[in-house]
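A, B, ... follow the sequence lines: proteins, then strands. Residue 1 opens every chain.
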Amino acid sequence: MSKNVRVRFAPSPTGPLHIGGVRTALFNYLFAKKHGGDFVLRIEDTDQNRYVEGAEDYIVESLSWCGIPFDEGPGKNEKFGPYRQSERKHLYKQYADQLISSGKAYYAFDTSEQLDAHRKGHEAEGKTFIYNWHNREKGRLVNSLVLTEAETQAKIEGGEHYVVRFKSPQDETLLLKDIIRGDISIDTNVLDDKILFKSDGMPTYHLANIVDDHLMEITHVIRGEEWLPSLALHQLLYDAFGWETPEFAHLPLILKPTGKGKLSKRDGDKLGFPVFPLEYTAPDGTVSRGYKEDGYFSDAVVNFLAFLGWNPGTEQEIFSLEELVKDFDLKRVNKAGARFDPDKTKWFNHHYMQQQLDLDLAEQFKTIQPELADIDVNYIALVVGLVKERATFIVDFWNLSHFFFASPTSYDEKASKKALKEDTADILNKVIELVNTTEDFKVENLQANIKGWITDSDIGFGKVMMPLRLALVGALQGPDVFDIMFLIGKEETVKRIRALVKSIN
RNA sequence: GCUCCGUUGGUCAAAUGGUUAAGACGCCUGACUUUCUAUCAGUAAUUAAGAGUUCGAUUCUCUUACGGAGUACCA
């Protein structure tokens, strides 16, 4: 137990990092930091056909934006490097050979077409084709278990393409352990003899991840549930090499908000929320939106990601990264897949916005809103302070606050109908008088004067406040009417009320 | 088809072999003698179904149903 905790996040660079991948990275990070361990990034690019330019940079930038940088990885603290499997290519062959000489693996010469034919044939008979002892020694398949040594050698030397397959055992029951799921038992008779080494000279994921995890001294493998069915093979491989097996934890999937299946890129487009941390432009020019560009704060993203499948067991829902590190526990990760809830992510963002300083928000607001170029940021901050509780994103501010920066140019029709009555003009004229005679133009004084008058004259709040709001805002919207009057000032207030009175006549 | 994993209100979820099964988001309703996308308050689950173990099960076991994943010379 004195061993230093080392975990790895091992994405393949086939495109932008999906939000589920970010969650996996986050859980790895939290677990590592909780135990004072290391978080390693390893690029699993053994499939050269699926390599996408720029994907690796995207992964690194995403982790960095989330505030969960790796301790070791490509170009960083390379104690166990290289960290790209393509650059470790030379390492894997010897391990495949080792398994062959110990009789745990064998050469296979079957072509993809032949295998397809076998699968189809079995399917037609209602049977399942499994490439293992059920079939491998019956002469239908071409491999070094049915061929003589000389025949095998001849094929290899003759340049025939071959793969290396793992020889899975017969009639054994495997007992597997998973931190989240507990004990799992598997009958080895249903296991395929998986390909370990491909004919293009690259290992498959299965071989590479075991070899690398061992060489990199990984102690805990935390990955998505889609790997659970491969766990038996992986355990068998550790055993075959005689290596100590790391502990495993398979995270529940993130499901679509509606319908069936796991969350996919398309769901974001369809339902209007990002599925990627950062905006991504594919090689073909297609742009996918990102949380960052959509106006989400990275703390909020990290917080809601942490709650996808995990919870602290208390009522606390707002967690900083430091708090997450402190409270995170793999044992409290759920087994069942979690449906992604875009509304909840918005709620988190709203919450994190409330905690930010008005001045900081004002500065961000100013940079995205051209109309604000010449406005004092301190004034903007006062406005932001009044409207931010109704906003989820910075971009919401303008709709909520434009009337603090410009007079209404029109009056909302429905609002007018509701607010304007026959005596409205008279009432507003009286309000103008009250505003003008308010000496010290402050919220409390305005409130006292106007509310006092309403109460004394027995007019009713609605008849005064609604048209007043309409005059100031142009609609029945916005924060407290007195706050608005105060911020825009006495002159502007009077001007706007006069404008409405004029438009009534 | 086969293998594995799962199943508590619309969603995320807490909890315990034994009181009225937390909380959050969302929804709807009400309140706020002034709007609301704000605020406050309130409504909603016979814990998938059936059986078994037990004095007692949502919590343990089995069956069924449903959902998910895997089943590639992808990761």
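Residue A/Tyr205 is classed as a base contact, given a heavy-atom separation below 4.0 Å to a base. Within the nucleic acid shown, A/Gly309 comes within 4.0 Å of sugar-phosphate atoms alone, with no base atom in reach, counting heavy atoms only. Residue contacts shown for A/Arg469 include a base, since a base heavy atom lies under 4.0 Å away. Base contact: A/Asp110 has a heavy atom under 4.0 Å from a base atom. Using a 4.0 Å heavy-atom cutoff across all strands shown, A/Gly462 reaches sugar-phosphate atoms only and no base atom.
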| note | Scoring nucleotides 63-70 of chain B by protein non-hydrogen atoms under 4.0 Å (B base, S sugar-phosphate only, - none) yields ----SSSS
| task | Using a 4.0 Å cut-off on protein heavy atoms (strictly under), produce a 5'-to-3' string for nucleotides 23-32 of chain B with B for base contact, S for backbone-only sugar-phosphate contact, and - for none. | result | SBSS------
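Distances were taken from every side-chain heavy atom of A/Glu389 (C-beta onward) to each of B/C74, B/A38, B/A72; the shortest belongs to B/A38. Taking every side-chain heavy atom of A/Lys194 into account, B/U71 is the closest of B/C74, B/U71, B/U37. Proximity note for A/Val190 (side chain, C-beta onward) versus B/U33, B/C74, B/U3: the nearest is B/U3. Side-chain proximity of A/Gln477 to the nucleotides B/A14, B/U35, B/U3 is greatest for B/U35. When distances are taken from the side chain of A/Met465 to each of B/U34, B/U3, B/A13, the shortest belongs to B/U34.
For the C1' atoms, the distance from B/U58 to B/A13 is 15 Å, rounded to whole Å. Nucleotides B/C4 and B/G9 place their C1' atoms 29 Å apart, quoted to the nearest Å. Look at the P atom in both B/C66 and B/U61: the space between them is 22 Å, to the nearest Å. Taking atom P on both nucleotides, B/U46 is separated from B/U59 by 16 Å, rounded to a whole Å. Distance check on atom C1': B/A14 versus B/A45 gives 14 Å, rounded to whole Å. When the C1' atom is compared between B/A57 and B/U47, the two are found 11 Å apart, to the nearest whole Å. Rounded to the nearest Å, the gap between the P atom of B/C55 and that of B/C28 is 49 Å. Atom C1' of B/C60 sits at a distance of 48 Å from the matching atom of B/A31, rounded to the whole Å.
One finds no salt bridge joining A/Lys120 and A/Asp116 here, because no Lys/Arg side-chain nitrogen approaches an Asp/Glu carboxylate oxygen to under 4.0 Å. A/Arg181 and A/Glu225 are joined by a salt bridge, as a carboxylate oxygen and a charged side-chain nitrogen come within less than 4.0 angstrom of each other. Residues A/Glu87 and A/Lys89 are not paired through a salt bridge, judged by the lack of any N-O separation under 4.0 Å between the basic side chain and the carboxylate. Under a 4.0 Å N-O distance rule, the pair A/Arg84/A/Glu44 does not qualify as a salt bridge.
For the pair A/Lys155 and A/Phe109, the cation sits on the ring face: its NZ or CZ lies under 6.0 Å from the ring centre, inside 45° of the axis. Geometric assessment of A/Arg165 against the ring of A/Tyr131 yields a positive cation-pi assignment under the 6.0 Å and 45° thresholds.
For the pair A/Ser62 and A/Pro277, the tightest heavy-atom approach, listed with the atom from each and the gap, is OG-CG, 3.4 Å. For A/Ala108 against A/Asn143, the heavy-atom pair with the smallest separation is CA-CB, 3.7 Å. Across A/Phe129 and A/His118, no two heavy atoms sit closer than the pair CE1-CB, 3.6 Å.
Taking the centre of each ring, A/Tyr92 and A/Phe197 stay at or above the 6.0 Å mark. Ring centroids of A/Trp227 and A/Tyr205 are separated by less than 6.0 Å, placing the two rings close together.
Along RNA chain B, the nucleotide nearest to A/Thr455 and the one nearest to A/Lys127 differ in position, and the one closer to the 5' end is contacted by A/Lys127. RNA chain B is contacted by both A/Pro11 and A/Lys451; A/Lys451 maps to the nucleotide lying nearer its 5′ end (nearest heavy atom per residue).
Distances shorter than 4.0 Å separate some side-chain N or O of A/Arg332 from OP1 or OP2 on B/A15. Contact between the side-chain N/O atoms of A/Arg119 and the OP1/OP2 oxygens of B/A72 is found at a separation under 4.0 Å. Phosphate contact (OP1/OP2 of B/A75, side-chain N/O of A/Thr46, threshold under 4.0 Å): present. Note on A/Asn311: every side-chain N or O is 4.0 Å or more away from OP1 and OP2 of B/A13. For A/Asn334 and B/G6, the shortest distance from a side-chain N or O to OP1 or OP2 is not below 4.0 Å. Contact annotation: A/Lys346 does not reach the phosphate of B/U37 (side-chain N/O to OP1 or OP2, under 4.0 Å).
B/C2 is paired with B/G70 under the Watson-Crick or G-U wobble criterion, all donor-acceptor distances under 3.5 Å. Searching all strands for a Watson-Crick or G-U wobble partner of B/C62 with both distances below 3.5 Å returns B/G50. Nucleotide B/A45: unpaired (no Watson-Crick or G-U wobble partner with both distances less than 3.5 Å). Shown here, B/G10 forms a base pair with B/C25; the pair counts as Watson-Crick or G-U wobble because both key distances fall under 3.5 Å. When both pairing distances are held under 3.5 Å, B/U37 makes no Watson-Crick or G-U pair with any nucleotide shown.
Of the residues in residues 160-179 of chain A, those with a non-hydrogen atom less than 4.0 angstrom from any atom of RNA chain B are A/Val163.
Only one option out of A/Trp310, A/Phe348, A/Phe304 pairs with A/Phe319 in a ring pair (Phe, Tyr, Trp, His ring centres under 6.0 Å); it is A/Trp310. Checked against A/Arg223 for a side chain to side chain contact (heavy atoms under 4.5 Å, CB included), the options A/Asn28, A/Leu228, A/Asn209, A/Leu251 give a single hit: A/Asn209. Each of A/Tyr291, A/Tyr352, A/Trp347 was scored for a ring pair (Phe, Tyr, Trp, His ring centres under 6.0 Å) with A/Tyr296, with one residue passing: A/Tyr291.
Rounding to whole angstrom units, CD1 of residue A/Ile450 and C1' of B/U33 are separated by 17 Å. Across the protein-nucleic acid pair, A/Ile484 atom CD1 and B/A38 atom P stand 17 Å apart, rounded to whole Å. Residue A/Asn49 contributes atom CG, which lies 17 Å from atom P of B/A72 at whole-angstrom precision. Atom CD1 in A/Ile130 sits roughly 12 Å away from atom P in B/C2 (whole-Å rounding).
A donor-acceptor pair under 3.5 Å is absent between the side-chain atoms of A/Asp483 and the main chain of A/Val443, judged by distance alone.
Residue side chain A/Thr128 does not reach the base of B/C2 through any donor-acceptor N/O pair under 3.5 Å, judged by distance alone.
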